[in-house]
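These numbers come from the heavy atoms of this one structure, side chains and all, not from hydrogens, waters or symmetry mates. Quick caveat: nothing in here was measured; it's all calculated off a predicted structure.
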Amino acid sequence: MTQLQRSRLKIIIPLALFVVFFVGYSIVWLQGARAVETELAAFAEREALAGRTLTFGAVRTAGYPLTLRGTVDDVVWEAPGYGTFEAETVVIAAVPYNPTRVVLAPRGRQHLTLGERRYALTSDDLRFNLERRFAAAEGHGIALEREDQVVQIGDFIANQEAVGDGQTIALSIKKLVLGDQAGTEFPYIDIAASRIVNGLNIAGLAIGVGRGDDPSPTQMAGQGELVITDDGLVNGDLELRLKNERPALELLGEANAIPPEAVDFAARVIGLMTEKGTKEVTLPLTVRESEVRLGIILLGTIPPLTD
């Protein structure tokens, strides 16, 4: 082999390898683009089997060759008994070599309907993923608005993973505010739980609640089990650790969850054990046919839960 032939091989071999790689990658990308549409359709089928509906317009993919992305318009997800989510456009992101991991980011006009209340939804960032056994959602700077109410969420992360016949559930919400800056604020809500059939085991629960301008909110933590009956009622027992009870009791009174005139009585009863909120006390939180009681105090009723 002459020097000229060897020099040509040094050019031809890398070029041939690049062509082979480029053709192979193009095939992978095109298969990934088709798989994204398949995954969306499969997700809609799984939702239908669970009694929920997901409808959307045509899927458009783009981004070749560096990324696999796309958009889909007029997305509507409806869970009877819970609510409906609507988005004008949803941006799709995936990696070509693993298109089963699809990330959805809503854009444009969005609405969330809970019961009879319909909210306009805006966010700095909101993302969901589509996987067969793992679901995740993440959001930042979220606002739900209607004429008579505003709900703001600083940050939230939620995960659900299928394990055997059940699921593990993790939820973290930071700075949930109802109303203006002096309204009801939950500085944090953290839940770790697992579900099997109609049973919910709460391994860890931590909640802070008070007014937005109150630097010392009520602190609650606990664990326990809940069971949902066939007709949607909830029963269960939780062991709740409580500190600085007054802000939560006042808010419950203002919301008429407990009679306003009973707030002082409840605060005196619990205050005897907490030394007026300075000590942590453990109290039983019981749920019987969806009636929620903290010790002897009725906190409210959970609406019937349907699948």
Side-chain angles (χ1 to χ4, degrees), residues 28-114 118-145 151-163 167-174 176 191 195 307:
V28 169
W29 193 95
L30 291 171
Q31 289 177 337
R34 288 193 292 269
V36 165
E37 297 185 39
T38 301
E39 282 300 311
L40 284 170
F43 178 72
E45 290 178 4
R46 296 196 299 273
E47 289 299 282
L49 290 173
R52 299 181 289 267
T53 58
L54 175 70
T55 59
F56 51 87
V59 180
R60 300 178 295 278
T61 54
Y64 178 83
L66 298 179
T67 61
L68 176 53
R69 64 179 187 272
T71 58
V72 56
D73 296 332
D74 304 321
V75 175
V76 179
W77 178 83
E78 183 176 4
Y82 292 94
T84 302
F85 172 73
E86 306 163 66
E88 180 182 25
T89 302
V90 172
V91 175
I92 304 168
V95 289
Y97 56 83
N98 188 9
T100 59
R101 302 192 67 180
V102 182
V103 177
L104 306 178
R107 296 289 185 268
R109 292 188 301 275
Q110 300 164 54
H111 291 89
L112 181 66
T113 302
L114 300 172
R118 190 168 190 262
Y119 297 89
L121 187 155
T122 58
S123 67
D124 296 336
D125 183 28
L126 182 60
R127 287 170 283 166
F128 307 89
N129 86 312
L130 293 185
E131 286 191 54
R132 295 180 184 276
R133 298 185 64 83
F134 181 77
E138 180 176 350
H140 307 279
I142 297 169
L144 299 171
E145 299 181 71
V151 179
Q152 300 176 72
I153 300 174
D155 306 278
F156 91 89
I157 297 176
N159 298 313
Q160 178 178 297
E161 183 174 10
V163 178
Q167 301 95 28
T168 61
I169 302 165
L171 173 67
S172 178
I173 299 175
K174 306 301 180 188
L176 169 60
I191 301 172
R195 180 178 179 181
D307 293 332

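- For G57 against V72, the heavy-atom pair with the smallest separation is O-CG2, 3.5 Å.
- The closest side-chain heavy-atom distance from I92 to L104 is below 4.5 Å.
- Between the CG atom in L121 and the CZ atom in F85 there is a gap of 6.0 Å [rounded to 0.5 Å].
- In terms of heavy-atom proximity, L54 sits nearest to A44 at O-CB, 3.9 Å.
- Listed here is the closest heavy atom pair of L171 and A158: CD1-CB, 3.8 Å.
- Around the CZ atom of R109, the shell of radius 6.0 Å holds no more than 12 heavy atoms that belong to other residues, nucleotides or ligands.
- The CD atom of E78 sits 11.5 Å away from atom CZ of R52, with the distance rounded to the nearest 0.5 Å.
- For G108 against E88, the heavy-atom pair with the smallest separation is CA-OE1, 3.4 Å.
- Between the CD1 atom of I169 and the CD atom of Q160 there is a distance of 5.0 Å, given to the nearest 0.5 Å.
- Atom CG of L112 and atom CH2 of W77 lie 9.0 Å apart (nearest 0.5 Å).
- The two residues P80 and G51 make their nearest non-hydrogen contact at CD-O, 3.2 Å.
- For the atom pair T122 OG1 and H111 NE2, the distance stands at 10.5 Å (nearest 0.5 Å).
- The distance from atom OG1 of T168 to atom CG of N159, rounded to the nearest 0.5 Å, is 8.0 Å.
- Residues R107 and L126 approach most closely at NH1-O, 4.3 Å, considering heavy atoms.
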Stepwise, does the side-chain contact (heavy atoms from CB on, under 4.5 Å) test hold for F56 with V90? CA-CA 10 Å; F56 51 87; V90 172; over 6 Å; no
